[in-house]
A.B. asks: 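Pasting a structure here, questions to come.
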Amino acid sequence: MEISNYLQIKKELPLNVNLLAVSKGFGSQDIKIINDKGQNDFGESRFQEAIEKKLLLKDFKDIKWHFIGRIQSNKIRKIVQNFDYIHSVDSYEKLLKISNIAFEEHKNPLIMLQVKLMDDPSKGGFNPKDLLGKWDEIKQLKSIKIKGLMTINPKGLNSTQNIKLFKECRNLANSLKLHDCSMGMSQDWKEAVEAGSTWLRLGSIIFGNRSY
Ligand SMILES: *Cc1c(COP(=O)(O)O)cnc(C)c1O
């Protein structure tokens with residue numbers, strides 16, 4: 001646990017940049033420690049792991065849960081039931097299913113659409129052209145609130161390349177009149193802030209090294 005990193009980053013961040021503490025790989029005790037410092041937003045990428053922690057932390061009413069992992073279609077109902085935000089919606093088909101299930105469940109999840117700005121076989125995401133082409137249909141979907149876009153840059157880029165991709169995400173969000181960009185992880189968060197991120201997703205820099 002790197003509490004001093006957490007406090008330092010919080011101090012440095014502009015007011016309009018939110019910090020999502022990515023707690024995957026860490027237990028409920030670690031979440032409690034930083035919740036006690038005022039951190040309420042926690043990100044998880046594996047459904048089963050998240051649910052176990054959520055149960056242990058059910059009395060911590062100020063915690064908001066964000067799903068950031070790859071979405072399996074057969075888990076969508078459970079994700080909608082259990083998460084306030086979903087950052088990793090990477091196709092229209094999944095978005096449609098989230099919308100239909102949210103209606104049935106009387107939920108109104110906050111959504112980030114994941115975009116893929118550069119070829120990366122290990123990552124999902126809307127291609128920007130397809131997103132623009134589908135936008136009118138997307139806007140019609142009920143029972144969801146699309147807050148912004150999310151992106152994960154490929155590993156191994158230099159600082160200039162990271163900023164360039166993050167700015168593409170910011171510009172695309174602006175052109176769709178979306179407020180949020182969920183971008184920036186432990187290795188590239190400074191570049192993401194410079195490019196206009198509104199949600200940093202920080203794991204290892206706060207919690208330490210994970211086993212996955
Ligand atoms: C794990 C993960 C993070 C956090 O990564 P760190 O490099 O540990 O900061 C952020 N976003 C997503 C989608 C992740 O899966």
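We count ligands from 1, going down the list as the structure has it; atoms in each ligand are counted the same way.
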A.B. asks: Among T198, L149, D180, find the one that has a side chain to side chain contact (heavy atoms under 4.5 Å, CB included) with M112.
C.D. replies: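 Result: among T198, L149, D180, D180 is the only option passing the side chain to side chain contact (heavy atoms under 4.5 Å, CB included) with M112.
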A.B. asks: Students often mix this up, so state it plainly: with edges at 30° and 60°, are the rings of H66 and Y85 parallel, tilted or perpendicular?
C.D. replies: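 Parallel.
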A.B. asks: Out of S186, G208, G69, whose heavy atom is nearest to atom 7 (O) of ligand 1?
C.D. replies: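 Ranked by closest heavy atom to atom 7 (O) of ligand 1, first place is S186.
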A.B. asks: Can you name the closest pair of heavy atoms from C181 and G196 and give their distance?
C.D. replies: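 Minimum heavy-atom separation between C181 and G196: CB-O, 4.1 Å.
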A.B. asks: Please identify each residue that fulfils side chain to side chain contact (heavy atoms under 4.5 Å, CB included) with E52, with sequence neighbours left out.
C.D. replies: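 Partners of E52 by the side chain to side chain contact (heavy atoms under 4.5 Å, CB included) criterion, ordered by chain and then number, come out as Q48.
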A.B. asks: Between H87 and ligand 1, which part of the residue brings a heavy atom under 4.0 Å of the ligand: side chain, backbone, both or neither?
C.D. replies: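 Neither; nothing of H87 gets under 4.0 Å from ligand 1.
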A.B. asks: Distance to 0.1 Å, residue and atom name: give those for the protein heavy atom nearest to atom 5 (O) of ligand 1.
C.D. replies: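 Heavy-atom neighbour on the protein nearest atom 5 (O) of ligand 1: M185 CE, 3.5 Å.
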A.B. asks: So which heavy atom in the protein is nearest atom 11 (N) of ligand 1, and how far is it from that ligand atom?
C.D. replies: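 Checking every protein heavy atom, the shortest distance to atom 11 (N) of ligand 1 gives R201 NE, 2.9 Å.
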A.B. asks: Quickly, which of I68, L20, L19 forms a side chain to side chain contact (heavy atoms under 4.5 Å, CB included) with W199? Name it, please.
C.D. replies: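 Exactly one option meets the side chain to side chain contact (heavy atoms under 4.5 Å, CB included) with W199, and it is L20.
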A.B. asks: Start with the C-alpha distance between S23 and D30, add both sets of side-chain angles, then the distance that settles side-chain contact (heavy atoms from CB on, under 4.5 Å), and finish with yes or no.
C.D. replies: CA-CA 8 Å; S23 43; D30 288 315; over 6 Å; no
A.B. asks: Which ligand 1 atoms does I152 reach within 4.0 Å, using its non-hydrogen atoms?
C.D. replies: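 Going through ligand 1 atom by atom, the ones under 4.0 Å from I152 are 13 (C).
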A.B. asks: Testing I86, N82, I146, V89 for side chain to side chain contact (heavy atoms under 4.5 Å, CB included) with P109, which one passes?
C.D. replies: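 Among the candidates, only I86 passes.
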A.B. asks: Which ligand 1 atoms, with their elements, are less than 4.0 angstrom from a heavy-atom of L202?
C.D. replies: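 Those of ligand 1 that fall under 4.0 Å from L202 are 9 (O).
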A.B. asks: Can you tell which part of I68 has a heavy atom less than 4.0 Å from ligand 1: side chain, backbone, both or neither?
C.D. replies: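 The answer is both, backbone and side chain.
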A.B. asks: Look at atom 14 (C) of ligand 1 and say which protein heavy atom is nearest, naming residue and atom and giving the distance to 0.1 Å.
C.D. replies: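 Ranked first by proximity to atom 14 (C) of ligand 1 is K24 NZ, 3.0 Å.
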A.B. asks: What about M150: any of its N or O atoms under 3.5 Å from an N or O on ligand 1?
C.D. replies: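 No, there is no polar N/O contact under 3.5 Å.
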A.B. asks: Please work out, at 4.0 Å between heavy atoms, whether the side chain, the backbone, both, or neither of I205 comes within that distance of ligand 1.
C.D. replies: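 Within the 4.0 Å criterion, I205 makes no contact with ligand 1.
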A.B. asks: With atoms numbered from 1 as shown, which atoms in ligand 1 lie under 4.0 angstrom from a non-hydrogen atom of S204?
C.D. replies: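 Ligand 1 atoms under the 4.0 Å threshold to S204: 6 (P), 7 (O), 8 (O), 9 (O).
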A.B. asks: Does one side chain, of S159 or E191, offer a donor that lies under 3.5 Å from an acceptor on the other?
C.D. replies: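 Distance-only check passes for S159 and E191.
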